[in-house]
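Structure record follows, encoded as structure tokens.
Numbers here simply count residues along the sequence, with the first being 1. This one's a predicted model, so the numbers in the text were calculated from it and none came from an experiment.
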Amino acid sequence: MILITGGAGFIGGAIVAAALQRGETVRVLDSLRADVHGGAPELPTGVEFVRGDVRDAGVVASTLEGVSVVCHQAAKVGLGVDFSDAPDYVGSNDLGTATLLAAMTAAGVSRLVMASSMVVYGEGAYSGVHGLTRPAPRLISDLDAGRFDPLDADGNPLVPELIDEDAPLDPRNVYAATKLSQEYLASSWTRATGGTAVALRYHNVYGPGMPQNTPYAGVASLFRSAVERGEAPRVFEDGAQRRDFVHVRDIASANLAALDWTAPPGTFRAFNVGSGIVHTIGELAQQVSLHAGGRAPVTTGEYRLGDVRHITASSTRLRSELGWMPAVSFDDGMREFATAPLRPAVR
């Protein structure tokens with residue numbers, strides 16, 4: 001049996017559907033927290049559902065009975081509203097993961113696949129006159145002046161590159177720090193127990209069932225919600241931020257590939273999950289508006305502290321070691337997403 005924490009959520013729900021489709025027995029643990037779920041979840045027939053918080057040791061222990069592998073998706077996601085969100089992020093993500101790992105140890109469950117994120121890298125990979133480099137956080141004075149692209153220490157322009165899993169890790173906001181902490185906890189657990197853990201570093205996930213109209217949602221959902229309100233999507237900075245947009249069904253298939261992976265005891269391995277194809281935030285907004293019949297996007301020049309300029313994935317490791325390939329193209333995915341149902345707005 002597979003236990004999927006957060007299995008009533010956007011990504012977790014897609015993994016549940018994919019696992020059931022291939023004949024797996026699935027149990028879901030989800031707290032149905034109000035800032036994520038706008039209504040009762042519609043789980044497929046055949047799923048055993050447990051409502052509970054991953055931080056509740058008693059609930060987690062009972063939920064692990066009969067489980068052979070855990071797919072850990074439960075987390076508080078997104079950049080957040082302000083630093084007052086920090087205790088909730090740390091509790092939900094780090095305490096929740098520690099509680100789960102302790103319970104897995106006691107229950108003898110030795111295999112974990114967990115959701116991580118591209119945010120653990122901070123800025124993406126760049127090349128410049130001195131070769132590959134990682135720029136420092138952008139200065140507020142530069143952002144205020146509309147200078148969005150990072151420069152090297154000598155003020156020279158940098159060229160964005162695909163980032164791989166061996167790049168230095170540099171989380172630059174609270175959410176990013178908690179995702180990296182989750183990875184460190186999982187890695188420590190493998191060394192202490194001989195278990196195996198895979199951390200899937202998701203890049204920008206989109207698709208049917210995204211939560212709408214919440215500050216914690218992804219940018220694709222925010223653009224869709226704006227179009228549905230009859231508003232023009234508001235694109236921050238100059239819209240040229242480079243990202244890797246990956247469809248939620250491809251995220252689900254990557255999780256199944258990771259669940260099937262066999263590795264020596266005590267192994268922790270991180271994998272990027274992305275399409276491998278670069279698009280910009282501006283392109284995303286244009287495609288959503290185009291296919292949804294909405295107003296043209298407006299580029300505002302605004303910015304959010306903690307956002308990075310460019311980050312795009314190399315998913316070579318996932319493709320070569322786990323045999324995974326994305327199946328949904330950006331064009332097909334955007335055409336579907338522009339009119340697909342989203343999760344109800346959070347009240």
Side-chain angles (χ1 to χ4, degrees), residues 3-15 28-37 50-61 63-64 70-105 109 112-122 169-190 192 195 197-205 210-211 214-218 248 251 255 258 268 270-273 304 306-308 311 346:
L3 172 63
I4 303 177
T5 71
F10 165 49
I11 293 175
I15 299 169
V28 165
L29 173 64
D30 201 301
S31 66
L32 304 183
R33 54 182 298 160
D35 61 349
V36 176
H37 298 273
V50 178
R51 182 169 184 173
D53 196 309
V54 76
R55 292 168 289 187
D56 186 325
V59 170
V60 174
T63 307
L64 284 169
V70 175
C71 184
H72 182 35
Q73 307 296 313
K76 182 178 176 72
V77 302
L79 183 59
V81 176
D82 54 42
F83 203 84
S84 65
D85 282 333
D88 194 13
Y89 274 109
V90 173
S92 299
N93 298 353
D94 299 339
L95 177 58
T97 298
T99 302
L100 174 65
L101 292 171
M104 289 175 63
T105 303
V109 180
L112 174 73
V113 175
M114 58 168 285
S116 187
S117 172
M118 65 177 188
V119 296
V120 299
Y121 297 113
L169 305 178
D170 183 21
R172 296 187 177 184
N173 57 60
V174 171
Y175 170 60
T178 65
K179 296 309 290 184
L180 182 54
S181 180
Q182 285 183 283
E183 289 197 18
Y184 285 153
L185 286 165
S187 178
S188 176
W189 172 78
T190 63
V198 171
L200 298 177
R201 293 173 179 165
Y202 303 156
H203 284 247
N204 290 76
V205 187
M210 284 189 83
T214 166
Y216 304 99
V248 69
I251 292 288
N255 274 271
F268 172 85
F271 296 90
N272 287 336
V273 189
R304 296 193 309 176
D307 275 350
V308 298
I311 181 164
V346 176

* Asked: Got a donor-acceptor contact below 3.5 angstrom from the Ser187 side chain to the Glu183 backbone?
  -> no
* Quick one: does Ser116's side chain have a donor or acceptor within less than 3.5 Å of a partner on Leu200's backbone? -> no
* Structure fact -> Sequence neighbours excluded, the answer for side-chain hydrogen bond (donor to acceptor under 3.5 Å, both in side chains) partners of Asn204 is none
* Asked: Ser31: what forms a side-chain hydrogen bond (donor to acceptor under 3.5 Å, both in side chains) with it, not counting sequence neighbours?
  -> none
* Would you please name every residue forming a side-chain contact (heavy atoms from CB on, under 4.5 Å) with Ala61, sequence neighbours left out? => none
* Kindly indicate, with the supporting measurements, whether the criterion side chain to side chain contact (heavy atoms under 4.5 Å, CB included) is fulfilled by Val205 and Ile11. => CA-CA 8 Å; Val205 187; Ile11 293 175; 4.1 Å; yes
* **Pairing residues for Asn93 by the side-chain hydrogen bond (donor to acceptor under 3.5 Å, both in side chains) criterion, not counting sequence neighbours** => Thr178
* Does a side-chain heavy-atom distance below 4.5 Å link Ser117 with Lys179? -> yes
* Backbone N/O of Ala86 and side chain of Tyr175: donor-acceptor pair under 3.5 Å -> no
* Asked: Would you call Asp94-Arg55 a salt bridge at under 4.0 Å N-O?
  -> no
* **Donor-acceptor contact below 3.5 Å, side chain Ser92 vs main chain Ala75** => no
* To do: Consider only side-chain N and O atoms of Asn255 and Tyr202, and report whether a donor and an acceptor are under 3.5 Å apart.
  => yes
* Residues in side-chain hydrogen bond (donor to acceptor under 3.5 Å, both in side chains) contact with Thr97, at least two apart in sequence or another chain -> His72, Gln182
* **Flag for Tyr121-Asn272: side-chain donor and acceptor within less than 3.5 Å** => yes
* Structure fact -> Hits for side-chain contact (heavy atoms from CB on, under 4.5 Å) against Ala197, two or more places apart or cross-chain, chain-then-number order -> Leu112, Ala186, Trp189, Thr190, Phe268
